[in-house]
Amino acid sequence: LINVTNAAGTVAVFKATGQTGTTPYEFTVTNIDGSTTAFFSSGATYTWCIGGLTGPSKIYNRIILVDPNGNDTDAAAASQGDMIVPFKSVRKALDYLTNNTLIGWTVEVNPGLYTETQLVISSNNTGVTIHLKGGVSLKCDTSIASKPFFIISGDASCTIVGDAIDGSLNNTNFNDGPLGGASIITNGFSQVMFSFQQSATLSQLNISNVALIHTATIQGGGASMFKYESSNQERHMLNITNCYIRQDQDDDGSWIIYV
């Protein structure tokens, strides 16, 4: 038995002393992560190339990745969602920023359908940009019922930008789309899409190139899409650029913006 430790991507040539004929022998390779690989051969020499275990990884500066095939637990444990271990949900990516007080970061959301719970922007993750790349739909889970989808809490700033509006949602067919571009969709449980809460000297929300769909009420009464729920906000900036806004609710109180 010959035990060999070798670096990833290098070639090792092994030869058993006194080996003749076709008598089998075994090599055990210790990989860079401590695991072992055993193999058998019947010749006097054997050439083995040890490849990388997980391929290249890249930790970006101020960028977190989210993908439908990601894993929220693994991404948080790996210190940051990257191209190899992205987050699975926007909620957990924002929570990671909040828990580590990371300000001015960008959450890159890869194409796909995301069923999300409440998304909170606060002073602990302020300045965040949520980039919806290609066909991305953020739809609120019905499990949170009438709680707001997004909360802008206190002195906080958030920018949500899509590559293009989801054009498949630009009509009144409630079963159309999504994924023709970027969209944000409420759950129909008398839910506010964006709620501005807590006292603030300045809060800011910028939205560009996104279809904003306030679905018809399934349960409860009407709800506004943008609602100011604090009486002590000195200054607020709301910038909505090149967006398609669809308010499907016709109940009392179903405003676009309520102050």
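Start at 1 with the first residue, then count along the sequence.
Note on Val192: it does not cluster hydrophobically with Leu138, by side-chain heavy-atom contacts below 4.5 Å among ILVMFWY residues. The same ILVMFWY cluster, assembled from side-chain heavy atoms under 4.5 Å apart, contains both Ile245 and Ile207. Following chains of ILVMFWY side-chain contacts shorter than 4.5 Å, one cannot reach Ile151 starting from Tyr114, and the two form parts of different hydrophobic clusters. Both Leu102 and Phe87 sit in one connected hydrophobic cluster of ILVMFWY residues. Membership requires side-chain heavy atoms under 4.5 Å apart, directly or through other members. Residues Leu238 and Phe149 are members of one and the same hydrophobic cluster, defined by side-chain heavy-atom contacts under 4.5 angstrom among Ile, Leu, Val, Met, Phe, Trp and Tyr.
Put simply, the side chain of His131 never gets that close to the backbone of Glu108: no donor and acceptor are under 3.5 Å apart. At distances below 3.5 Å, at least one donor-acceptor pair connects side-chain atoms of His214 with backbone N or O atoms of Gln191. A donor-acceptor contact shorter than 3.5 Å links the side chain of Glu116 to the backbone of Arg91. Here the side chain of Asp248 pairs no donor or acceptor atom with the backbone of Thr215 at under 3.5 angstrom. Panel note: side chain Asp163, backbone Gly134; a donor-acceptor pair is recorded below 3.5 Å. Ser224 places no side-chain N or O within 3.5 Å of a backbone atom of Lys227 that could act as its donor or acceptor partner. Not one N or O on the side chain of Asp72 forms a donor-acceptor pair closer than 3.5 Å with the backbone of Pro86. Under the 3.5 Å distance criterion, the side-chain polar atoms of Ser122 are matched with a main-chain donor or acceptor of Asn124. A donor-acceptor pair under 3.5 Å is absent between the side-chain atoms of Asn125 and the main chain of Ile121, judged by distance alone. When atom types are taken as modelled, the side chain of Thr126 and the backbone of Ser157 share a donor-acceptor pair closer than 3.5 angstrom.
Checking each of Gln247, Arg246, Met193 against Ile213 for a side chain to side chain contact (heavy atoms under 4.5 Å, CB included) leaves exactly one that passes, namely Arg246.
Nearest approach of Ala145 to Asn187, heavy atoms of both residues: O-ND2, 2.9 Å. Closest heavy-atom contact between Ala93 and Val107: CB-CG1, 4.1 Å. When every heavy atom of Thr117 is checked against every heavy atom of Ser143, the shortest pair comes out as CG2-OG, 4.1 Å. When all heavy atoms are compared, the tightest approach of Asn71 to Thr73 is OD1-N, 3.0 Å. Closest non-hydrogen pair, Val66 versus Val90, comes out as CG1-N, 4.0 Å. The shortest heavy-atom contact between Pro68 and Lys88 is O-NZ, 2.7 Å.
Phe196 places none of its side-chain heavy atoms less than 4.5 Å from the side chain of Glu229. No side-chain heavy atom of Ser203 sits under 4.5 Å from any side-chain heavy atom of Asp155.
Expressed to the nearest 0.5 Å, how far CG of Asp166 lies from OG of Ser137 amounts to 7.0 Å. One finds the CD1 atom of Ile184 at 4.5 Å from the CZ atom of Phe150 (value rounded to the nearest 0.5 Å). To the nearest 0.5 Å, the span separating CD1 on Ile152 from CD on Gln204 amounts to 10.5 Å. Expressed to the nearest 0.5 Å, how far NZ of Lys147 lies from CD of Gln118 amounts to 6.5 Å. Taking OG1 of Thr186 as the reference point, atom CE of Met225 lies at 7.0 Å (rounded to 0.5 Å). Here CD1 of Ile240 is found 6.5 Å from CG of Leu212. Values are rounded to the nearest 0.5 Å.
Aromatic ring orientation, Phe194 versus Phe226: parallel (interplanar angle below 30°, classes split at 30° and 60°).
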**Request:** Go through the steps to decide whether Ile63 and Trp105 satisfy the test side chain to side chain contact (heavy atoms under 4.5 Å, CB included), and finish with yes or no.
**Result:** CA-CA 6 Å; Ile63 292 178; Trp105 281 51; 5.8 Å; no
**Request:** Quick one: do Val128 and Thr159 satisfy side chain to side chain contact (heavy atoms under 4.5 Å, CB included)? Show the steps, please.
**Result:** CA-CA 6 Å; Val128 63; Thr159 296; over 6 Å; no
**Prompt:** So Ile130 and Leu132, side chain to side chain contact (heavy atoms under 4.5 Å, CB included) or not? Walk me through it.
**Reply:** CA-CA 6 Å; Ile130 302 173; Leu132 310 180; 3.9 Å; yes
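Within 6.0 Å of atom NZ in Lys139, 12 or fewer heavy atoms from other residues, nucleotides or ligands are found, so the atom counts as exposed in its surroundings.
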